[in-house]
2 protein chains.
Amino acid sequence: MNAVPGAPLDRVFHAISDPTRRSVLARLSGGEQALGVLAAPHDMSLPAFSKHIRVLEQAGLVHTVKRGRTHYCSLNAEPMKAASEWLAYYRKFWESRLDSLDTFLKENP
Amino acid sequence: MNAVPGAPLDRVFHAISDPTRRSVLARLSGGEQALGVLAAPHDMSLPAFSKHIRVLEQAGLVHTVKRGRTHYCSLNAEPMKAASEWLAYYRKFWESRLDSLDTFLKENP
DNA sequence: CAAATACTTAACCACTTGGTTTATTTTTTG
DNA sequence: CAAAAAATAAACCAAGTGGTTAAGTATTTG
């Protein structure tokens with residue numbers, strides 16, 4: 001069924017479950033950035049930061065091109081679409097108050 | 001922007017990055033379920049399955065109550081709202097074609 | 001009360017994750 | 001060309017994840 005270990009949705013949700021990586025995506029939404037510039041504000045070594053970039057790349061959220069000795073990263077939000085659609089299915093539960101809190105309130109008037 | 005330290009969002013995105021856990025949420029969207037019933041279709045031991053439930057509980061996505069010897073799980077979609085809103089920020093990039101593919105196409109006519 | 005039921009807890013294991021440091025590679029610059 | 005810069009690769013480590021089996025705890029039922 002859905003037991004494929006490396007499913008795209010798995011990789012996207014995993015990628016965005018880390019604050020460092022979410023921060024990178026936010027900064028990339030302002031446009032392409034050199035990897036070193038992206039890494040600067042994060043308190044970790046460059047190899048550690050590069051691993052985060054690799055996770056984002058493998059989720060398809062970041063594309064990196066090399067020009068000269070500099071690697072430029074850019075956002076590719078397309079894989080977020082499926083993630084957003086997966087979440088959208090549950091919107092009715094938090095909007096229409098059909099979740100467990102509402103159930104509780106209905107059953108305990 | 002992302003001023004709040006990401007902990008809750010971290011836990012929600014991590015929780016839904018696993019296909020077993022997404023499957024559980026989907027089935028809970030049909031209403032409360034006994035843990036044992038929920039576990040049945042998954043090819044793993046009950047302790048392993050219970051750990052998945054605990055991850056969902058810690059993300060605030062599932063609430064469990066014990067009635068007699070049975071533990072009943074229900075969906076609480078509310079924490080998904082923030083997750084959905086985080087993703088919504090990027091909607092313009094996949095809808096308005098402002099992502100890296102589009103940039104590439106614009107720069108390489 | 002004794003046995004079955006529905007779980008949890010505990011102990012363990014293999015693998016992954018997120019970080020480190022050190023060394024290399026590639027490219028630019030003095 | 002030699003040194004600096006940008007980043008990767010490799011080797012390593014601690015902690016977390018996802019699974020197991022075995023044992024324990026409530027609770028219901030025969």
Side-chain angles (χ1 to χ4, degrees), chain A residues 1-25 27-28 31-74, chain B residues 2 5-25 27-28 31-74 100:
Chain A
M1 184 61 109
N2 210 359
V4 181
L9 221 43
D10 291 17
R11 289 195 292 265
V12 169
F13 281 134
H14 170 68
I16 64 180
S17 72
D18 180 272
T20 296
R21 294 191 292 258
R22 286 199 305 277
S23 161
V24 166
L25 294 171
R27 295 181 54 219
L28 287 180
E32 186 184 71
Q33 284 278 354
L35 197 150
V37 174
L38 267 183
H42 297 280
D43 188 23
M44 67 181 70
S45 67
L46 198 55
F49 183 81
S50 286
K51 285 187 187 180
H52 283 295
I53 296 295
R54 210 134 295 130
V55 170
L56 290 167
E57 285 175 348
Q58 281 162 15
L61 295 169
V62 162
H63 186 221
T64 300
V65 292
K66 185 180 170 188
R67 289 200 292 275
R69 63 187 168 189
T70 304
H71 294 228
Y72 293 91
C73 301
S74 54
Chain B
N2 251 346
L9 220 44
D10 291 14
R11 287 196 289 268
V12 169
F13 281 134
H14 170 68
I16 64 180
S17 72
D18 180 90
T20 296
R21 293 190 291 257
R22 287 199 304 276
S23 161
V24 166
L25 292 172
R27 295 183 52 221
L28 286 180
E32 186 185 71
Q33 285 277 354
L35 197 149
V37 174
L38 268 182
H42 298 281
D43 189 21
M44 66 181 71
S45 67
L46 198 54
F49 184 80
S50 286
K51 285 187 186 179
H52 283 295
I53 296 295
R54 210 134 294 129
V55 171
L56 291 167
E57 284 175 348
Q58 281 161 15
L61 295 169
V62 162
H63 185 221
T64 300
V65 291
K66 187 180 169 190
R67 289 200 292 275
R69 63 189 169 188
T70 304
H71 295 229
Y72 292 92
C73 301
S74 54
S100 64

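Reminder, nothing fancy here: chain letters follow the sequence lines and each chain counts from 1. Basis for what follows: all heavy atoms, side chains included, without hydrogens, waters or symmetry-related copies.
The nearest pair of heavy atoms linking A:V65 to A:E32 is CG2-OE2, 4.3 Å.
With hydrogens and angles disregarded, no donor-acceptor distance shorter than 3.5 Å links the side chain of B:S50 to the backbone of B:P47. At least one donor-acceptor pair under 3.5 Å links the side chain of B:R11 to the backbone N or O of B:Q58.
A:V55 places none of its side-chain heavy atoms less than 4.5 Å from the side chain of A:D18. Contact annotation: the side chain of B:R22 approaches that of A:D10 to within less than 4.5 Å [non-hydrogen atoms, C-beta and beyond]. Put simply, the side chain of A:L61 reaches to within 4.5 Å of the side chain of A:I16, judged on heavy atoms.
Distances shorter than 4.0 Å separate some side-chain N or O of A:S45 from OP1 or OP2 on C:dT20. The side chain of A:S50 places an N or O atom within less than 4.0 Å of a non-bridging phosphate oxygen (OP1 or OP2) of D:dT8.
Distance from the side chain of A:H71 is smallest to D:dA7 among D:dA7, C:dT20, D:dG19.
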**Request:** Evaluate side chain to side chain contact (heavy atoms under 4.5 Å, CB included) for B:L46 paired with B:L35, printing each intermediate quantity in order.
**Result:** CA-CA 9 Å; B:L46 198 54; B:L35 197 149; 3.8 Å; yes
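Atom-to-atom, CG of A:D10 to P of C:dT17 comes out at 11 Å; the value is rounded to the nearest Å. Rounded to whole Å, atom P of D:dA9 lies 14 Å from atom CD1 of A:I53. The NE2-P distance, from B:H42 to C:dC7, rounds to 14 Å in whole Å.
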**Request:** Any chance you could list the contact pattern along nucleotides 11-18 of chain D? Use B for base contacts, S for sugar-phosphate-only contacts and - for none, protein heavy atoms under 4.0 Å, 5' to 3'.
**Result:** -------S
**Complete:** Given protein heavy atoms under 4.0 Å, the one-letter contact record of nucleotides 22-29 of chain C, with B base, S sugar-phosphate only and - none, is simply ----SBB-
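Results of the side chain to side chain donor-acceptor pair (under 3.5 Å) test with B:H52 over B:E57, B:R21, B:H42 single out B:R21 as the only residue that passes.
In this structure, A:L46 reaches the bases: a heavy-atom distance under 4.0 Å links it to at least one base atom across the strands shown.
Each of B:R54 and A:F49 was assigned the nucleotide of DNA chain C with the nearest heavy atom; the assignment lying further toward the 5' end belongs to B:R54.
For the atom pair B:F49 CZ and B:T20 OG1, the distance stands at 8.0 Å (nearest 0.5 Å).
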